[in-house]
Visitor: 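There's a structure below that I have some questions on.
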Amino acid sequence: MGKIRRGNYVFVTWKGDHSPWHVHVYQDGRLVVKWDLDNHLPMKGRASRQILRLIAQLIEERVLLKF
């Protein structure tokens with residue numbers, strides 16, 4: 001499991017989780033969005049521009065990696 005805190009959000013991935021590759025984004029303990037990283041689409045919830053920017057930064061920094 002990977003857990004990364006950025007801003008007011010917590011980004012969580014699980015090793016061996018189901019396809020497609022995705023990240024769960026929480027704020028104040030509540031799921032904001034489950035984001036499909038392969039297809040760049042929400043699986044559940046909605047992603048703000050700030051969340052999308054943070055996801056892009058985490059990928060660029062190689063913090064969010066496919067297991």
Side-chain angles (χ1 to χ4, degrees):
M1 178 176 122
K3 189 174 185 180
I4 302 124
R5 185 177 303 274
R6 288 287 169 98
N8 295 325
Y9 300 100
V10 177
F11 297 81
V12 180
T13 57
W14 283 273
K15 186 174 183 175
D17 202 0
H18 62 85
S19 293
W21 178 42
H22 62 280
V23 63
H24 301 249
V25 183
Y26 295 90
Q27 184 178 39
D28 299 326
R30 297 181 67 188
L31 180 68
V32 176
V33 67
K34 182 175 171 183
W35 186 259
D36 178 340
L37 295 164
D38 284 332
N39 300 302
H40 310 285
L41 297 169
M43 297 170 72
K44 184 175 185 176
R46 295 183 63 170
S48 66
R49 289 182 191 182
Q50 181 183 14
I51 291 173
L52 295 176
R53 187 174 57 250
L54 291 169
I55 289 171
Q57 287 175 356
L58 292 170
I59 291 170
E60 185 177 317
E61 294 170 13
R62 302 186 52 78
V63 175
L64 280 178
L65 299 172
K66 269 190 179 181
F67 292 104

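Numbers here are sequence positions counted from 1. No experiment lies behind these values; they were computed from the predicted model shown.
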Visitor: Quick one: pull up NZ in K44 and NZ in K34 and give me the separation to the nearest 0.5 Å.
Guide: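 K44 atom NZ to K34 atom NZ measures 7.5 Å (nearest 0.5 Å).
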
Visitor: Linking I/L/V/M/F/W/Y whenever any side-chain heavy atoms sit under 4.5 Å apart, do M43 and V23 land together?
Guide: no

Visitor: Does the side-chain contact (heavy atoms from CB on, under 4.5 Å) test come out yes or no for F11 and R5, once each step is laid out?
Guide: CA-CA 6 Å; F11 297 81; R5 185 177 303 274; over 6 Å; no

Visitor: Taking all non-hydrogen atoms of both residues into account, name the closest pair between W21 and D38 and its distance.
Guide: N-OD2, 3.0 Å

Visitor: So, using salt bridge (charged side-chain N to carboxylate O under 4.0 Å, His left out) as the criterion, who are the partners of R6 when residues are at least two apart?
Guide: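 For R6 the salt bridge (charged side-chain N to carboxylate O under 4.0 Å, His left out) partners, ignoring immediate neighbours, are E61.
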
Visitor: Flag yes if L37 and L41 sit in one hydrophobic cluster, no otherwise; membership is Ile, Leu, Val, Met, Phe, Trp, Tyr, and two members link when side-chain heavy atoms are under 4.5 Å apart.
Guide: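 They do not share one cluster, since no chain of ILVMFWY contacts under 4.5 Å joins L37 to L41.
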
Visitor: If you take all heavy atoms of V33 and A47, which pair is closest and at what distance?
Guide: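 Closest approach of V33 to A47, heavy atoms only: CG2-N, 4.0 Å.
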
Visitor: Which heavy atom of H22 sits nearest to which heavy atom of T13, and what is that distance?
Guide: O-CG2, 3.5 Å

Visitor: Minimum heavy-atom separation for V12 and V10, please, with both atom names.
Guide: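 Closest approach of V12 to V10: CG2-CG1, 3.8 Å.
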
Visitor: To the nearest 0.5 Å, what is the distance between CD1 (I59) and CD (Q57)?
Guide: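 CD of Q57 is found 11.0 Å from CD1 of I59.
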
Visitor: Rounded to the nearest 0.5 Å, what separates atom CG in L58 from atom CD1 in I4?
Guide: 5.5 Å

